[in-house]
Number of protein chains: 2
Amino acid sequence: MRPTVNDIAREAGVSLATVDRVLNARPGVREKTVKAVNDAIARLGYVRDLTAANLARGRTYRVAVVLPDTESQFIQSLAEALTEAGSLAATSRTELRLHRFPAEDPHALAALLGTLPGRDYLGVALMAPETPILRDAVRQLRANGIPVVALVSDLPNAGRDHFIGIDNRAAGRTAGVIMGRFLGGGPGQVLVLGQSLLARDMIERRRGFDEVMQRDFPGLEALQSLETHGSPATLRQVVREMLANAPDVRGIYAMGGGNRTLTQVLDEMGLSGKLTVICHELTPHVRAALIAGRITAVITQNLGHLARSTLRVLRAKADHQPLDESQEQIRIEIVLRENLPEPPVSQPPTEVDQVA
Amino acid sequence: MRPTVNDIAREAGVSLATVDRVLNARPGVREKTVKAVNDAIARLGYVRDLTAANLARGRTYRVAVVLPDTESQFIQSLAEALTEAGSLAATSRTELRLHRFPAEDPHALAALLGTLPGRDYLGVALMAPETPILRDAVRQLRANGIPVVALVSDLPNAGRDHFIGIDNRAAGRTAGVIMGRFLGGGPGQVLVLGQSLLARDMIERRRGFDEVMQRDFPGLEALQSLETHGSPATLRQVVREMLANAPDVRGIYAMGGGNRTLTQVLDEMGLSGKLTVICHELTPHVRAALIAGRITAVITQNLGHLARSTLRVLRAKADHQPLDESQEQIRIEIVLRENLPEPPVSQPPTEVDQVA
DNA sequence: GCCGATCTGAGGTACGCACCTCAAAAATGC
DNA sequence: GCATTTTTGAGGTGCGTACCTCAGATCGGC
């Protein structure tokens with residue numbers, strides 16, 4: 001049998017109350033006694049039973065996730081992954097609530113964040129562009145003792161407690177190597193598309209991409225980034241224009257968003273399968289395009305891991321416990337048609353228990 | 001507050017004992033009453049609190065992991081990952097014990113497996129070649145009510161309960177595309193190395209590799225597999241011989257093991273960085289070789305995920321609970337120098353609790 | 001309408017821990 | 001050595017569930 005608090009008390013020659021004070025870092029215990037208890041713990045190899053501890057504490061981890069209300073497949077998949085992770089975690093006293101805010105309205109976002117402290121949340125996960133207003137709102141939350149983690153896109157200057165997502169610069173480098181290698185090092189030109197050159201993740205991807213292209217593939221020319229501002233019409237127009245005027249374009253790097261429109265345009269121009277197309281995020285549409293050969297490679301992150309990591313990190317932060325960094329690191333995945341993972345079956349709500 | 005069994009009892013107009021019987025599928029409850037209880041559960045949105053349940057049950061998940069005693073870096077990394085996952089899971093009443101068996105001795109393995117039922121194990125994870133003796137031993141375990149999962153290399157004919165690892169055929173295909181693309185489609189020859197052509201995973205990787213090479217890269221010729229039998233000397237000899245006689249070799253696909261020797265030989269021959277080298281498993285040595293440019297790409301699986309998945313699957317099997325298949329699927333990861341994840345810091349044993 | 005068989009209810013104990021109170025003991029200041 | 005403060009002990013309650021016992025209710029068959 002594994003040792004319990006009572007064993008510790010006996011072994012250390014103190015009472016259960018004292019062991020409890022030591023274990024939970026409550027005041028009123030002499031240094032000497034603390035040491036005696038810790039020695040006993042070490043000697044017996046005691047491991048605290050967290051399930052029992054949480055049960056006794058009667059604690060429920062209520063956590064808020066705040067996402068923009070964009071209709072993009074990526075956000076939608078992310079929301080699904082989070083919801084599913086939340087429902088699976090329900091058996092371990094964890095509750096996840098999703099909040100959406102108007103994508104282009106920082107004030108609405110700030111207002112939403114302002115209401116959170118009153119709702120008994122133990123932590124907040126947030127995906128949003130880093131505006132000054134947001135920074136203040138995040139600081140406010142943290143001042144209220146609510147840990148904040150940034151999701152997908154980092155918020156370094158807002159003082160978030162943790163960032164959950166990939167290293168976008170490395171992701172850009174990865175896209176660069178694949179593009180360069182797949183094109184045999186050149187010669188040729190590469191089109192680069194991005195929603196907005198102001199978003200932090202886009203900037204970093206572009207920087208990483210250029211790094212590799214310049215260093216390793218001087219024979220290839222990466223053209224200036226084209227901004228699409230999330231508008232299909234704009235995307236359609238700039239791509240058509242560029243491809244018509246630049247016969248040397250052999251590859252396209254889509255740094256974010258608009259993949260559906262992009263593949264459509266390429267199809268219309270009869271270019272599907274003739275260019276090396278690399279994009280981000282394995283959404284259902286991208287998956288199909290990959291299988292059909294319209295997209296060559298995808299740089300992506302596992303949204304399931306991201307969602308579960310979010311819950312784990314927020315719980316750890318709420319408990320002031322250290323993280324298993326290696327588990328929380330989100331990998332930069334390279335997906336080709338050949339290593340395409342099975343599509344996640346969105347599970348029907350189940351009555352059955354799940355081991356967390 | 002979330003509803004408890006007591007709330008269910010009140011809502012259904014029955015006693016707590018009856019609710020308990022329904023929840024745990026114990027006999028002695030009329031159909032009608034069962035339905036009443038289930039209705040109440042649905043109405044209140046009751047979710048069983050597994051932590052409390054396990055606590056009350058006083059259950060400890062004791063799990064055995066059986067690995068060959070090979071000294072390879074892969075097995076070693078795997079053992080480390082398992083140990084770490086086990087120590088992190090200790091707070092949730094889970095105990096993992098590692099057993100090793102002489103790699104080339106199926107009888108010793110069978111004998112070891114035979115002793116397991118007496119040791120109060122709730123499940124066994126096993127990495128071993130599928131011999132007839134092993135098949136019988138596995139059947140014996142399962143006849144004793146102990147679930148068995150295959151690790152890394154599948155045991156389909158032994159009737160394992162689950163396989164935890166990558167789809168090796170798809171992994172071979174992935175290696176194939178990268179090889180083909182990186183070599184610009186040819187012309188040229190590709191060397192293929194494997195420990196033993198009898199091991200199931202090697203066969204499948206080769207099959208997948210050939211599939212892609214033949215279909216998509218007819219300009220490239222994949223040479224016959226060279227067997228190394230895990231012997232550095234053999235590997236050294238065959239590689240030297242082949243490379244000396246085949247000037248058209250532009251790539252090497254190492255299907256498993258011996259990566260350390262391989263990079264050494266290439267170094268000695270002055271070929272490092274001149275060939276496209278693709279191997280499996282991101283061990284510390286392979287990581288260094290990747291950074292140094294001696295290896296081009298690695299097809300790997302995340303051993304941390306694999307270890308955690310092992311524990312989750314065994315617990316679920318022991319509880320006769322369904323799995324979250326999408327979470328348990330081990331991905332085929334492609335690692336280049338550019339998307340190399342941070343090395344896992346092997347954590348010092350910590351006194352602090354971890355949320356599971 | 002009686003009998004045995006089958007269901008159901010009430011209540012208890014236990015799991016390992018958190019957290020509370022009150023009083024007793026020990027250490028400390030003067 | 002006394003008063004004061006600090007440390008410690010003993011004990012209790014509750015978290016949500018499992019599992020056990022025993023008595024009472026209901027059912028089916030005849």
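In what follows, chains carry the letters A, B, and so on, assigned in the order in which the sequence lines appear, proteins first and then strands, with residues in each chain numbered from 1.
- Atom pair B:Asn54:CG and D:dC19:P shows a separation of 11 Å (rounding to whole Å applied).
- The residue among B:Leu55 and B:Val34 whose nearest nucleotide of DNA chain C is located toward the 5' end is B:Val34.
- Partners of B:Arg142 under the side chain to side chain contact (heavy atoms under 4.5 Å, CB included) rule, at least two apart in sequence or in another chain, are B:Val138, B:Val148, B:Asp161.
- Residues passing the side chain to side chain contact (heavy atoms under 4.5 Å, CB included) test with A:Asp69 are A:Arg100, A:Pro102, A:Ala103, sequence neighbours excluded.
- With sequence neighbours left out, A:Tyr121 forms a ring-ring contact (aromatic ring centres under 6.0 Å, His included) with A:His99.
- Interface limits on DNA chain C: the 5'-most and 3'-most nucleotides within less than 4.0 Å of chain B heavy atoms are C:dC7 to C:dG16.
- At a threshold of 4.0 angstrom between heavy atoms, the contacts of B:Asp20 include nucleobase atoms, whether or not backbone atoms are also involved.
- Checking side-chain atoms of A:Asn144 against main-chain N and O of A:Gln140 turns up a donor-acceptor pair under 3.5 Å.
- Residues passing the side chain to side chain donor-acceptor pair (under 3.5 Å) test with B:Arg331 are A:Glu333, sequence neighbours excluded.
- Shown for residues 24-32 of chain A: residues whose heavy atoms fall under 4.0 angstrom of DNA chain D, namely A:Gly28, A:Val29, A:Arg30.
- Considering A:Gln329, A:His162, A:Glu328 as possible partners of A:Ser309, the one that fulfils the side-chain hydrogen bond (donor to acceptor under 3.5 Å, both in side chains) test is A:Glu328.
- Nearest-nucleotide positions on DNA chain D place B:Ala52 closer to the 5' end than the other of B:Arg21 and B:Ala52.
- Atom CG of residue A:Leu55 and atom CG of residue B:Asn54 lie 11.0 Å apart, to the nearest 0.5 angstrom.
- Recorded end-axis angle for the helix from C:dT8-D:dA23 to C:dC30-D:dG1 stands at 30°, based on five pairs per end and rounded to 10 degrees.
- Counting non-hydrogen atoms under 4.0 angstrom, A:Arg2 reaches nothing in the nucleic acid.
- Judged purely by atom type and a 3.5 angstrom limit, A:Thr83 uses its side chain to pair as donor or acceptor with the backbone of A:Ala79.
- In this view, A:Glu11 and A:Ala40, A:Arg43, A:Leu44 satisfy the side chain to side chain contact (heavy atoms under 4.5 Å, CB included) rule, not counting sequence neighbours.
- Exactly one of B:Leu16, B:Thr18, B:Val19 qualifies for a side-chain contact (heavy atoms from CB on, under 4.5 Å) with B:Ile8. That residue is B:Val19.
- For B:Asn24, the side chain to side chain donor-acceptor pair (under 3.5 Å) criterion is met by B:Asp20, B:Arg48, not counting sequence neighbours.
- Residue B:Pro117 comes nearest to B:Ile146 through the heavy atom pair CA-CD1, 3.7 Å, listed as atom of the first residue, atom of the second, then distance.
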Shorter than 3.5 Å, N or O on both sides, protein versus nucleotides 23-25 of chain D: list them out with atom names.
none

- [ ] Using the side chain to side chain donor-acceptor pair (under 3.5 Å) rule, take B:Thr60 and A:Arg2 through it: C-alpha gap first, then chi angles, then the decisive distance, then the call.
- [x] CA-CA 9 Å; B:Thr60 288; A:Arg2 40 191 279 180; 5.4 Å; no
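- Heavy-atom neighbours of A:Glu95 CD from other residues, nucleotides or ligands within 6.0 Å: above the threshold of 12.
- Residues of residues 3-19 of chain A that place a heavy atom closer than 4.0 Å to DNA chain C, in numerical order, are A:Thr4, A:Val5.
- Atom CZ of B:Arg93 is separated from atom P of D:dT17 by 16 Å (rounded to the nearest Å).
- The side chain to side chain contact (heavy atoms under 4.5 Å, CB included) check on A:Arg30 picks up A:Lys32, A:Thr33, with sequence neighbours excluded.
- Taking only side-chain nitrogens and oxygens, B:Arg48 comes nearer than 4.0 Å to OP1 or OP2 of D:dA18.
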